[in-house]
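The figures that follow rest on heavy atoms only: side chains count, while hydrogens, waters and symmetry mates do not.
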Amino acid sequence: MSPHATGRPRVRRSVAAGVPLAVIAALVAACPPASAASEDAHVVRTATLGEIPLGTFSNALLPGTVDDDRGIDLGGIGSDIYPAGRKGEFWTVTDRGPNGQIKVDGKKRRTFPVPGFDPAIVKVRVSGDTVKVLEAIPITTSSGKAVTGLSNQAGRDEAPYTYDARTLLPYNPNGLDTEGIVRAKDGSFWLADEYGPSLVHVSAHGQVLTRYVPKGLNLTGTDYPVVEALPAIFLHRKLNRGFEGLAQLPGGDLVMALQSPLSLPDGDAGDASRTTRLVRFSPKKKAVTAEYAYRFDPVNVVDPGEDDTSELKISSVVAVGGDRLLVEERTDKAARLQLVKLDRHSDILGGAYDDDKTSPSLEQLDDPAASGVPVLRKRLAVDLGKVTGVPGKIEGIARVDDDTLALMNDNDFGMTDGTGAFDAQGRLIDSGIRTTLTYVRLRHGI
């Protein structure tokens, strides 16, 4: 399907809009000269997704799923990006849909303004300065129903609420928070999910074939097969910080990156940690074959304006030949790409740090390498924070050729947190952030 923009009025922020512009101006003023910032890389092309009403998009895929899109346009497709074969064409995937947070009685509630939204695989083409939708595939259950993006399990996932945080919505065990995508040779897709966290195998038509989850998750009531094949240690993933990056190695193996360190033994330890994990999965064996410890740089190195370690995330991993990967370390404002090689001597699968009773945990170690943990070695490929023209919150990265990367941001469907996200009529007050695909050329190649 190829939905088109229908040109409807949009509610924009007025007074508030001046604040981010002022912040941006201050950041630009603080940056080094363009010549220095762009020494190793520079933007060669930028294209933007047009305005496509979310209800029009969704109902064309699965009629009747969205009765009110609250003025929200299609967005969030920058959760990941994967080459589609032809020049300028990419497979992308949405996340769970428009969502935000509102405090009620001092506690944050997760809101789903369009609860009927169904995550979708979206094929796009860069045409001039525009990103055009060529095809969209809804992600469905075995019986062809929408999986939705709603939370799976009470007590483990965030409780889902309506747009105003007043009414509790039902949980849905089929729900997926898709964040990573690759396409297999047979035309099927593999997706990374934050809820489980899980690895999801989807047919070429979008039907969930199998969802691989951590051992002991006990996810019941799904309308598709669920297999407990991942290490149980991943049950300790931080809320809303499951698998986000997904890469496909030349031999067909998959690598999933945990967005943030595990909450081991508790949330405070996870927030303070700089050590997260990568997992290698064999589609042939339908099993995890390796696990790796990955060490973030200090947060103020990744983002000089940030001092909160918990803001560090991996949002993308990209295969670049052999067992090598580009790994994106980021905050919402800055990102750096590191080149790593998956060494068999760095495999920690099944060892002491896969036991949640081990103390101190891997996440608590101040210097894992000094404690004998074979942490993956890495080398900085490019600091995107020093490349003029790269937007914030880059979540999708694809290799175009030996010298060029395609980057895509997650615009969060134009949403912001707080009670000011919608007007008195329940219509979105759009953030003005657009979905952008940016080509960056590296001076020394990849």
Side-chain angles (χ1 to χ4, degrees), residues 1-13 45-82 84 86 88-100 112-140 146-149 163 176-179 181 189 206 391 393-396 406-416 421-423 425-438:
M1 79 136 305
S2 297
H4 301 279
T6 59
R8 64 182 177 196
R10 308 182 75 191
V11 182
R12 298 284 184 181
R13 296 189 182 275
R45 189 174 185 180
T46 299
T48 304
L49 180 69
E51 297 178 4
I52 303 171
L54 193 58
T56 301
F57 173 84
S58 297
N59 290 326
L61 299 179
L62 295 174
T65 49
V66 173
D67 57 358
D68 184 357
D69 64 14
R70 300 196 176 278
I72 300 173
D73 286 329
L74 175 65
I77 66 171
S79 289
D80 202 8
I81 181 173
Y82 191 77
R86 292 186 177 181
E89 295 185 5
F90 301 92
W91 292 105
T92 70
V93 65
T94 71
D95 56 21
R96 57 185 167 179
N99 66 93
F112 289 80
V114 190
F117 174 79
D118 188 46
I121 296 166
V122 184
K123 188 178 185 180
V124 301
R125 174 191 293 152
V126 177
S127 179
D129 60 359
T130 302
V131 175
K132 296 184 176 180
V133 173
L134 300 180
E135 179 184 356
I137 304 169
I139 303 173
T140 60
V147 297
T148 80
Y163 82 98
L176 295 173
D177 186 2
T178 46
E179 294 285 356
I181 183 172
F189 298 92
K393 206 177 183 187
I394 293 294
E395 292 195 3
L407 316 177
M408 211 166 192
N409 68 317
D410 178 7
N411 80 326
D412 292 320
F413 293 81
M415 280 200 59
T416 54
F422 295 88
D423 65 16
Q425 287 71 47
R427 313 306 289 172
L428 179 71
I429 301 176
D430 197 280
S431 69
I433 298 173
R434 307 289 295 279
T435 297
T436 303
L437 196 152
T438 305

Side chain to side chain contact (heavy atoms under 4.5 Å, CB included) assessment of Asp73 paired with Ile52: CA-CA 5 Å; Asp73 286 329; Ile52 303 171; 5.7 Å; no

Nearest 0.5 Å, please: how far is [atom2] in [Y] from [atom1] in [X]?
X: Ile433; Y: Phe413; atom1: CD1; atom2: CZ; value: 13.5 Å
X: Leu49; Y: Met408; atom1: CG; atom2: CE; value: 6.5 Å
X: Ile72; Y: Asp412; atom1: CD1; atom2: CG; value: 11.0 Å
X: Ile81; Y: Phe90; atom1: CD1; atom2: CZ; value: 4.5 Å
X: Leu54; Y: Leu74; atom1: CG; atom2: CG; value: 6.5 Å
X: Leu176; Y: Ile139; atom1: CG; atom2: CD1; value: 6.5 Å

From CA spacing to verdict: side chain to side chain contact (heavy atoms under 4.5 Å, CB included), Glu395, Ile77: CA-CA 10 Å; Glu395 292 195 3; Ile77 66 171; over 6 Å; no

Whether over 12 other heavy atoms sit under 6.0 Å from Lys123 NZ: yes

Whether over 12 other heavy atoms sit under 6.0 Å from Arg125 CZ: no

Closest non-hydrogen atom pair, [X] against [Y]:
X: Val66; Y: Ser58; answer: CG2-CB, 3.6 Å
X: Gly64; Y: Asn59; answer: N-OD1, 3.3 Å
X: Leu62; Y: Ala146; answer: CD1-CB, 3.7 Å
X: Val114; Y: Asp69; answer: CG2-O, 3.8 Å
X: Phe117; Y: Arg96; answer: CD2-O, 3.5 Å
X: Leu437; Y: Ala406; answer: CD2-CB, 4.1 Å

Ring centroid separation Tyr82 to Phe189 under 6.0 Å: no

Ionic contact status for Arg70 with Asp423, cut-off 4.0 Å: no

Donor-acceptor pair, distance only, cut-off 3.5 Å: does the side chain of [X] make one with the backbone of [Y]?
X: Asp118; Y: Thr148; result: yes
X: Asp80; Y: Ile181; result: yes
X: Thr94; Y: Gly76; result: no
X: Asp410; Y: Gly78; result: no

4.5 Å side-chain heavy-atom contact, [X] and [Y]:
X: Asn99; Y: Met415; result: no
X: Pro391; Y: Thr438; result: yes
X: Asp95; Y: Pro119; result: no

From CA spacing to verdict: side chain to side chain contact (heavy atoms under 4.5 Å, CB included), Trp91, Glu135: CA-CA 9 Å; Trp91 292 105; Glu135 179 184 356; 3.8 Å; yes

